[in-house]
K.L.:
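Input: one structure, supplied below.
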2 protein chains.
Amino acid sequence: MADDPPRTRIQQKNRAAILDAALEVFSQHGFRGATLDQIASASGLSKPNVLYYFPSKEAIHEALVGGLIDTWVQPLHDLDPNGDPVEEILAYVGRKLAMSREMPRESRLFANEIVQGAPRFGTEITGRFKALVDEKAAVIRDWAEAGRLNPLDPYHLIFSIWATTQHYADFDVQVRGILAPKGDEHFDDAARFLAALYRAGLTPPDPR
Amino acid sequence: MADDPPRTRIQQKNRAAILDAALEVFSQHGFRGATLDQIASASGLSKPNVLYYFPSKEAIHEALVGGLIDTWVQPLHDLDPNGDPVEEILAYVGRKLAMSREMPRESRLFANEIVQGAPRFGTEITGRFKALVDEKAAVIRDWAEAGRLNPLDPYHLIFSIWATTQHYADFDVQVRGILAPKGDEHFDDAARFLAALYRAGLTPPDPR
DNA sequence: GTCTATATAAGGATAGAC
DNA sequence: GTCTATCCTTATATAGAC
């Protein structure tokens, strides 16, 4: 997974340019829809030159996904079992929504892959990904059992948070087609909405 | 939009077989990733024979999308302004989740298209689609202003319902990778979770 | 390291026999 | 209506000069 880093500055710069261009192209067109021509022209290099840095189109895609997956699960990783349950989950929602705002291309890269059955994800989902979700779901379950959280299925809670937050990146054209925002203001409205929805859903019933 | 229906039984049968095969292939691989070879072999016809019924790959895709879009928005269309606000919205959530369970290929067909920027959707989104959403958002806003619903942004409420329900179709491999259900039982858990979340979020604060 | 030229394969679409 | 054979474009990847 961790290749030897390239030696010269030029190599680093070109590799980075290729990966940035590839993120743009793969996230917009999917793996199959993306062409090396598009990646080459977006990176400012010639097509054979791109293939000098990466052996194949698939290798570029792998390098992208491999480099991003850790970033992608970081918000869930940061869910603190020692924090206040409702506030911790609301903060998680906030981090995920911020990622949709700041890294929409990465979100669509993953979405493209998963919608199409994750043919290039190998054991990532059932491996460390599932392990992290299981761990955090157990934390949420314990919170609920201690009466500090309205008892909700922790797995479906996590799914709903992924769905609602990633929606603003993955279905961006639909959201913008309906709201017609000038810039990113609608993310602030989304943040308020999601905070209100999840606060109401998560706050445990008052035992009095 | 409404082509003349084919005349003979054989034509109807073959057209239907092609559209069903195309739904399977387009939803799994996206427009670009799908090939006429795959569609032909899945429909049991030869490639030229497929092109006898439809003039091009794009025409097959158009016929599919055009035929499905009305079905797709029906659940929102059925939201009744004269019903009980909370129950109406919960019923809408239920209808959308049922569609993800029963029509996952259709959901992924749309998801593929929208994630990639809806290049073949034309004015559907900003046209009648947006008009319907605007209409129903106004209904929800009125309910909230009458104090019959916890005041939440109606647009983001609708987005969240789309996101949470379609997630079970669009991200099916991820959901199954984490839950490892034998069949569709997890949809019942999802239904219970979403009902609880939205009931808590939508019920207006008791004015006493 | 980067380019031009090209090999090779896949895929959309058509021609024409039956 | 359906098939075989084929055209032609696009796209991945490589060869080899510079």
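Reminder, nothing fancy here: chain letters follow the sequence lines and each chain counts from 1.
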K.L.:
Would you tell me whether A:D70 and A:Q74 have side-chain atoms, one donor and one acceptor, within less than 3.5 Å of each other?
P.N.:
no
K.L.:
Does the distance from a Lys or Arg side-chain N to an Asp or Glu carboxylate O, for B:D134 and B:R141, drop under 4.0 Å?
P.N.:
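Looking at B:R141 together with B:D134, the answer is no, because their closest N to O distance does not fall below 4.0 Å.
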K.L.:
Between D:dT14, C:dT2, D:dT4, which nucleotide gets closest to the side-chain atoms of B:P48?
P.N.:
D:dT4
K.L.:
Side chains of B:H77 and B:Y92: any donor to acceptor distance under 3.5 Å?
P.N.:
no
K.L.:
Decide whether A:Y198 and A:S160 meet the rule of one side-chain donor and one side-chain acceptor closer than 3.5 Å.
P.N.:
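Checked: A:Y198/A:S160 side chains pair up, N/O donor to acceptor below 3.5 Å.
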K.L.:
Side chain of A:Q11 only, please: which of C:dG1, D:dG1, C:dG12 is the nearest?
P.N.:
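Given the options C:dG1, D:dG1, C:dG12, the side chain of A:Q11 is closest to C:dG1.
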K.L.:
Atom CG of B:D37 and atom P of D:dT4: how far apart are they, to the nearest Å?
P.N.:
13 Å
K.L.:
Provide, to the nearest angstrom, the distance between the CD atom belonging to A:Q38 and the P atom belonging to D:dT12.
P.N.:
9 Å
K.L.:
Please classify the nucleic acid contact of A:L51 as base, sugar-phosphate, or nothing, using heavy-atom distances under 4.0 Å.
P.N.:
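Result for A:L51 = base.
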K.L.:
Any side-chain N or O of A:S56 under 4.0 Å from OP1/OP2 of D:dT14?
P.N.:
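For D:dT14, neither OP1 nor OP2 has a side-chain N or O of A:S56 closer than 4.0 Å.
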K.L.:
Kindly confirm or rule out a cation-pi arrangement of A:R120 over A:F31, judged by NZ or CZ under 6.0 Å from the six-membered ring centre and within 45° of its axis?
P.N.:
yes
K.L.:
Taking only side-chain N and O atoms of B:Y53, does any of them lie within less than 4.0 angstrom of OP1 or OP2 on D:dT2?
P.N.:
yes
K.L.:
Please figure out whether A:Y52 or A:R32 has its closest DNA chain C nucleotide nearer the 5' end.
P.N.:
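The residue closer to the strand's 5' end, by nearest nucleotide, is A:Y52.
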K.L.:
Whole Å only: how far is the NZ atom of A:K13 from the C1' atom of C:dT2?
P.N.:
13 Å
K.L.:
Could you give the CG-to-P distance, from B:N49 to C:dG16, as a whole number of Å?
P.N.:
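In whole Å, C:dG16 P lies 19 Å from B:N49 CG.
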K.L.:
In whole Å, I'd like the distance from the CD1 atom of B:I39 to the C1' atom of C:dG11.
P.N.:
12 Å
K.L.:
What's A:A34 touching, base or sugar-phosphate or nothing? Going by heavy atoms closer than 4.0 Å.
P.N.:
sugar-phosphate
K.L.:
Rounded to whole Å, how long is the line connecting atom CG of B:L45 with atom C1' of D:dC3?
P.N.:
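Nearest whole value for this atom pair: 12 Å.
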K.L.:
To the nearest Å, give me how far apart NZ (A:K47) and P (D:dT12) are.
P.N.:
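For the pair A:K47 NZ and D:dT12 P, the rounded distance is 7 Å.
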K.L.:
Rounded to whole angstrom units, what separation is found between the NE2 atom of A:H29 and the P atom of D:dT12?
P.N.:
12 Å
K.L.:
When all nucleic acid strands are considered with a 4.0 Å heavy-atom cut-off, which category describes A:F54: base, sugar-phosphate, or nothing?
P.N.:
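Result for A:F54 = nothing.
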K.L.:
Verify the contact: side-chain N or O of A:S46 to OP1 or OP2 of C:dT2, cut-off strictly under 4.0 Å; return yes or no.
P.N.:
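For C:dT2, neither OP1 nor OP2 has a side-chain N or O of A:S46 closer than 4.0 Å.
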